[in-house]
Amino acid sequence: MERTLSIIKPDGVKKNITGEIIRRFETAGLRVAAIKKAHMTKAVAEGFYAVHKGKFFYDELTDFMSEGPVVLMVLEGNDAIALNRKLMGATNFKEADPGTIRADFATSIQFNVVHGSDAPDTAKFEISYFFAETEIF
Ligand code: GDP
């Protein structure tokens, strides 16, 4: 069993496709172990994406992530990190496999609907950034 952090980004929440995205996770065998809606401040978004500090898209990305509410989830399952990334599709939706969330719903490289942890150490950091252990079931 592995855990990963999933975020439905502000563009996904605005599109009203939260249920559709969760259905894809559940159908693929992932379980929602924790879930909540939140509206990040710019500072919280900056801390979350600190790994990208200095990149040309950092300011725009953290503006975007704090412009509206998101849905935060801990997903649990076998190989959850890789499976979630597979369901999401490539960062650039133009390169995402057909049938992936980003291929179906993203509108730009930035407005790409979902976030998913990319490795065990980042998953651990990202889950603890938003959830207490007592909120995960
Ligand atoms: P991810 O792990 O697939 O989300 O991709 P990254 O960790 O590389 O990037 C984090 C997020 O930054 C992406 O999901 C996009 O929303 C955004 N992003 C990545 N590359 C670019 C870019 O070249 N331009 C812009 N505007 N945003 C980007």
Side-chain angles (χ1 to χ4, degrees):
M1 277 296 151
E2 193 174 60
R3 284 177 178 175
T4 189
L5 184 82
S6 166
I7 304 178
I8 302 177
K9 296 183 179 184
D11 58 333
V13 170
K14 258 189 233 143
K15 286 188 163 83
N16 208 27
I17 52 173
T18 295
E20 168 63 19
I21 292 170
I22 293 174
R23 186 192 61 76
R24 292 179 183 213
F25 293 150
E26 291 182 336
T27 302
L30 292 168
R31 201 176 63 74
V32 178
I35 184 166
K36 64 185 168 193
K37 213 160 180 176
H39 190 151
M40 290 185 219
T41 61
K42 173 92 169 162
V44 168
E46 284 172 349
F48 181 73
Y49 277 120
V51 63
H52 290 308
K53 200 171 177 176
K55 293 197 182 146
F56 73 94
F57 58 83
Y58 180 68
D59 195 44
E60 209 187 341
L61 172 63
T62 52
D63 275 347
F64 161 51
M65 291 300 286
S66 57
E67 82 183 10
V70 298
V71 175
L72 302 164
M73 283 177 276
V74 177
L75 301 177
E76 193 175 72
N78 287 325
D79 234 356
I81 295 169
L83 178 53
N84 180 36
R85 299 280 308 184
K86 190 168 168 234
L87 296 168
M88 287 163 55
T91 308
N92 184 348
F93 74 113
K94 290 183 179 162
E95 290 161 14
D97 289 338
T100 58
I101 295 166
R102 284 167 165 172
D104 289 347
F105 301 114
T107 50
S108 77
I109 189 160
Q110 177 172 273
F111 300 129
N112 61 4
V113 183
V114 278
H115 167 85
S117 312
D118 64 0
D121 55 337
T122 48
K124 203 166 176 212
F125 163 74
E126 292 179 357
I127 289 168
S128 67
Y129 195 79
F130 290 114
F131 290 96
E133 196 56 43
T134 52
E135 295 177 298
I136 305 169
F137 301 94

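In listed order, ligands and their atoms are each counted from 1. On a predicted model such as this, the values are computed, not experimentally measured, just so you know. Just so you know, these numbers use all the heavy atoms, side chains as well, and skip hydrogens, waters and symmetry mates.
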Where the closest heavy atom to [atom] is concerned, which of [options] has it?
atom	options	result
atom 12 (O) of ligand 1	Leu61, Val114, Asn92	Leu61
atom 19 (C) of ligand 1	Phe93, Phe56, Phe57	Phe57
atom 27 (N) of ligand 1	Arg85, Gln110, His115	Gln110
atom 1 (P) of ligand 1	Asp11, Thr91, Thr122, Val51	Thr91

Taking Ala80's backbone N and O only, do any of them form a donor-acceptor pair with Glu2's side chain (distance below 3.5 Å, no angle check)? yes

Could you tell me whether the side chain of Arg85 and the main chain of Gly116 form a donor-acceptor pair under 3.5 Å? yes

Given side chain to side chain donor-acceptor pair (under 3.5 Å), test Ser66 with Lys42 step by step and report yes or no. CA-CA 5 Å; Ser66 57; Lys42 173 92 169 162; 5.8 Å; no

Return the closest protein heavy atom for atom 4 (O) of ligand 1 as residue, atom name and distance. Arg102 NH2, 3.1 Å

Considering non-hydrogen atoms of the protein only, which is the closest contact for atom 15 (C) of ligand 1, and what is the distance? Ile109 O, 3.3 Å

Heteroatom distance test (Asn112, ligand 1): nitrogen or oxygen, under 3.5 angstrom: yes

Parallel, tilted or perpendicular, judged at 30° and 60°: which one describes the rings of Tyr129 and Phe48? tilted

Measuring from the heavy atoms of Lys55, does anything fall under 4.0 Å of ligand 1? no

Does ligand 1 have any atom sitting under 4.0 Å from a heavy atom of His52? yes

Are Tyr49 and Phe56 connected into the same hydrophobic cluster when the rule is that any two of I, L, V, M, F, W, Y join if their side-chain heavy atoms are below 4.5 Å apart? yes

On the six-membered ring of Phe64, is Lys9 placed so that its NZ or CZ lies under 6.0 angstrom from the centre and within 45° of the ring axis? no

Non-neighbouring partners of His52 that pass side-chain hydrogen bond (donor to acceptor under 3.5 Å, both in side chains), sequence neighbours left out: Lys55

